[in-house]
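Some notes on the structure that comes next.
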Amino acid sequence: MLCSEEACAIASKTLRLQALNYIHLSFKKNLHMQVWNDYLSQNKQRFLDELLDLLRIPSVSADSKYKTDVARCAESVKENLLKAGCDMAEICPTNGHPIVYGEKIIDASAPTVLVYGHYDVQPADPLDLWHSGPFDPVIKEGKIYARGACDDKGQMFMHVKALEVMNNTGTLACNLKFMIEGEEEVGSSNLGKFLEGNKDKLKADIVLVSDTSMISMEHPSIETGLRGLAYMEVEVIGPNRDLHSGVYGGAVHNPINALCKMIASCHDEKNHITIPEFYDKVQQQTEEERNALNAAPFDLEEYKKDLDVNEVWGEEGYTTLERTGTRPTLDVNGIWGGYTGEGAKTVLPSKAFAKISMRLVPHQNSDEIAAIFQKHFETIAPKSVKVKVTPHHGGEPVVTPTDSVAYKAASEAIKTAFGKDPIPTRGGGSIPIIALFEKVLGLKTVLMGFGLDNDNIHSPNEKYDVANFYKGIETLPYFHKYFAEMSKG
């Protein structure tokens, strides 16, 4: 048995070693921070200029007239990956737009991070609402205005530049693989096949995605779930030709009138969706979960002011944060038919159309919801018209674990870069491929986004703050550092 003096000596030595180890780790952490910040500071204008070049390419995946531009954008992403330090990068053809794959392998024993993003963008319409050209990026008041600035070129490009920072400072701690697709905005219909055919190439420990948002720069957050999506197009068909509204009005059912009434019937007076079986598999949040979600900083008056609306709207009995994060929805994304040109034309149209999307929550399934919607819409159609329902694309809702090594590494990275712990939130958008990563590759995902809810994604005047772009490049190297360290156990 040790005497008290020996025990005290050993304890003292242990404390000194622990202190030295802490000092050493702190020194390494501060050294990394200084090296990364110095490199970023020296190259930040070039990083920004390269992003602006990427934003000038109109890579609209939904419109076939931009096919050449989409291919040109894929080539640009490939060249940027190589320039940033990838050992190899390639264009992988699909039945649609190509996927760009790249990798930087430093050590077979090191953990591997698969970065997912997309280079395709939404159509820019309506063009007349843009303050500047959607593919002529401008910087105003510290914000980059361009289609794809936030969704997802700006956020995807942060990862490319973070690789360059780590590679050129000799501080890369993880193997990195990149899979940047060109069809996310049209449902990623070919990405599942790519995953199935390239399981070995895509082997990794975690998927890292920046295609989401955070609450604010003052309140950094990490999204821990996303809603799914079922996207439909409906066509209501009336007479075999457009008719004179005076000669036939009141005798023949107007397809636009019928369509509007059918759509309106899909919500009741409490804004609850009326489609039978729609809510059957919806996972109800516990009181504790609801309280945790609503604890996130949120100013309802500021929210309404930003949107210039007098009042919010939604399913009765739920807050705005719950409505946008944990409840399913049904919304009309577009509706048209008849005469929409200048002046008047007294016409009773032959057809009416609408595009309708439904955001889904665990444990709803996009195929099941699409079938339920189709059956319902056909059932409620009056006999005076015919209805055609066409599913477009969908994706499954996901919830990501908050107790994983990767999540903890992301949390620690944000804490280091922002000086405060991130707030876990639930995202209202959809990234259909996230569920497939787990199903096909067996990989969980970390949603580490740096966008803001008011970045106008999918809308005119999409923007991305320059500060957020740089903050992402500053933060991401910490994720790789901490993920490598924590993966060692």
Side-chain angles (χ1 to χ4, degrees), residues 115-118 122 150-152 154-156 158-159 184-185 187-188 206-217 219-231 282-283 285 289-290 292-298 303 306-307 312 314-315 318-331 333 357-364 366 393-402 404 406-407 410-411 414 422-438 444-459 462 464-465 468 472 475 479:
V115 174
Y116 165 79
H118 63 93
Q122 282 274 324
C150 177
D151 182 23
D152 179 46
Q155 297 209 69
M156 173 270 291
M158 296 183 315
H159 290 269
E184 196 276 342
E185 299 293 8
S188 304
I206 192 67
V207 180
L208 183 60
V209 177
S210 295
D211 192 14
T212 53
S213 63
M214 58 171 51
I215 296 171
S216 68
M217 291 285 273
H219 300 288
S221 57
I222 300 178
E223 290 191 356
T224 61
L226 294 167
R227 291 191 289 190
L229 175 68
Y231 195 98
V282 170
Q283 178 179 320
Q285 299 288 295
E289 289 171 329
R290 294 182 70 178
L293 179 66
N294 287 302
F298 178 73
Y303 184 82
D306 177 60
L307 298 175
V312 294
E315 190 179 1
Y318 297 92
T319 67
T320 298
L321 291 178
E322 290 175 300
R323 291 167 180 166
T324 58
T326 63
R327 297 299 295 170
T329 63
L330 184 152
D331 286 294
N333 303 129
S357 66
M358 291 161 284
R359 298 290 175 171
L360 314 178
V361 298
H363 298 279
Q364 290 178 303
S366 61
H393 61 269
E396 308 315 315
V398 293
V399 177
T400 60
T402 58
S404 68
Y407 182 87
S411 182
I414 288 177
I423 300 167
T425 61
R426 292 283 286 270
S430 305
I431 306 178
I433 196 61
I434 300 298
L436 273 178
F437 287 146
E438 185 166 355
K444 298 289 187 181
T445 299
V446 170
L447 301 167
M448 200 173 175
F450 293 83
L452 301 174
D453 283 344
N454 65 0
D455 279 335
N456 300 326
I457 63 172
H458 295 203
S459 301
E462 179 179 348
Y464 191 38
D465 286 37
N468 291 51
T475 307
F479 170 82

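Residue numbers count from 1 along this sequence.
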Next on the checklist: One pair to check against side-chain contact (heavy atoms from CB on, under 4.5 Å): R323 and V312. What are the steps and the verdict?
Outcome noted: CA-CA 11 Å; R323 291 167 180 166; V312 294; 4.0 Å; yes
Item to check | Pair N468-L452, side-chain contact (heavy atoms from CB on, under 4.5 Å): steps then yes or no | outcome: CA-CA 9 Å; N468 291 51; L452 301 174; 3.8 Å; yes
Item to check | Residue pair L360, L229: steps toward the side-chain contact (heavy atoms from CB on, under 4.5 Å) verdict | outcome: CA-CA 6 Å; L360 314 178; L229 175 68; 5.8 Å; no
Checklist entry - Can you list the steps and then say if S404 with K444 is a side-chain contact (heavy atoms from CB on, under 4.5 Å)? => result CA-CA 9 Å; S404 68; K444 298 289 187 181; over 6 Å; no
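Minimum interatomic distance between S221 and I414 (heavy atoms only, all atoms of both residues): O-CD1, 4.2 Å. Minimum interatomic distance between E322 and N294 (heavy atoms only, all atoms of both residues): CD-ND2, 3.6 Å. Of all non-hydrogen atoms in S366 and A230, the two that sit nearest each other are O-CB, 4.0 Å. Of all heavy-atom pairs between P432 and G394, the closest is CB-O, 3.7 Å.
For Q122, the side-chain hydrogen bond (donor to acceptor under 3.5 Å, both in side chains) test picks out E185, with sequence neighbours left out. Contacts of D306 classified as side-chain hydrogen bond (donor to acceptor under 3.5 Å, both in side chains), with partners at least two apart in sequence or in another chain: none. Partners of V282 under the side-chain contact (heavy atoms from CB on, under 4.5 Å) rule, at least two apart in sequence or in another chain, are Y279, Q284, R327, P328, V361, Q364. By the side-chain contact (heavy atoms from CB on, under 4.5 Å) test, T212 is found to be paired with E223, L226, I431, L447, residues two or more places apart in sequence or in another chain being considered. Residues that satisfy the side-chain hydrogen bond (donor to acceptor under 3.5 Å, both in side chains) test with R426, not counting sequence neighbours, are absent from this structure.
The ring of F450 has its center no closer than 6.0 angstrom to the ring center of Y464.
Within the structure, side-chain hydrogen bond (donor to acceptor under 3.5 Å, both in side chains) contacts touching residues 446-457 (residues at least two apart or in different chains) are S213-D453, N454-K463, D455-K463.
Residues L293 and Q285 fail the side-chain proximity criterion, which asks for heavy atoms closer than 4.5 Å. Residues T224 and Y407 form a side-chain contact, since some pair of their non-hydrogen atoms from C-beta on lies under 4.5 Å apart. By the 4.5 Å heavy-atom criterion applied to side chains, M156 and V115 are not counted as neighbours. A 4.5 Å side-chain heavy-atom check between S430 and R359 finds at least one atom pair inside the cut-off. Side chains of I423 and P220 form no contact here, defined as non-hydrogen atoms less than 4.5 Å apart. Within the 4.5 Å cutoff, side-chain heavy atoms of D211 are placed close to those of E184.
Going from atom CD1 of I222 over to atom OG1 of T425 covers 8.5 Å, rounded to the nearest 0.5 Å. Here the CE-CE distance, from M448 to M158, works out to 8.5 Å after rounding to the nearest 0.5 Å. Going from atom CG of D331 over to atom OG of S357 covers 5.5 Å, rounded to the nearest 0.5 Å. The OG atom of S411 lies 11.5 Å from the CZ atom of F479; values are rounded to the nearest 0.5 Å.
Taking the six-membered ring for Trp and thresholds of 30 and 60 degrees, Y231 and H393 have nearly parallel ring planes, at less than 30 degrees apart.
Although no hydrogens or angles enter the test, the distance criterion places no donor-acceptor pair under 3.5 Å between the side chain of S210 and the main chain of Q155.
For the side chain to side chain contact (heavy atoms under 4.5 Å, CB included) test with V398, the passing option among I433, T445, I434 is I434; the others fail.
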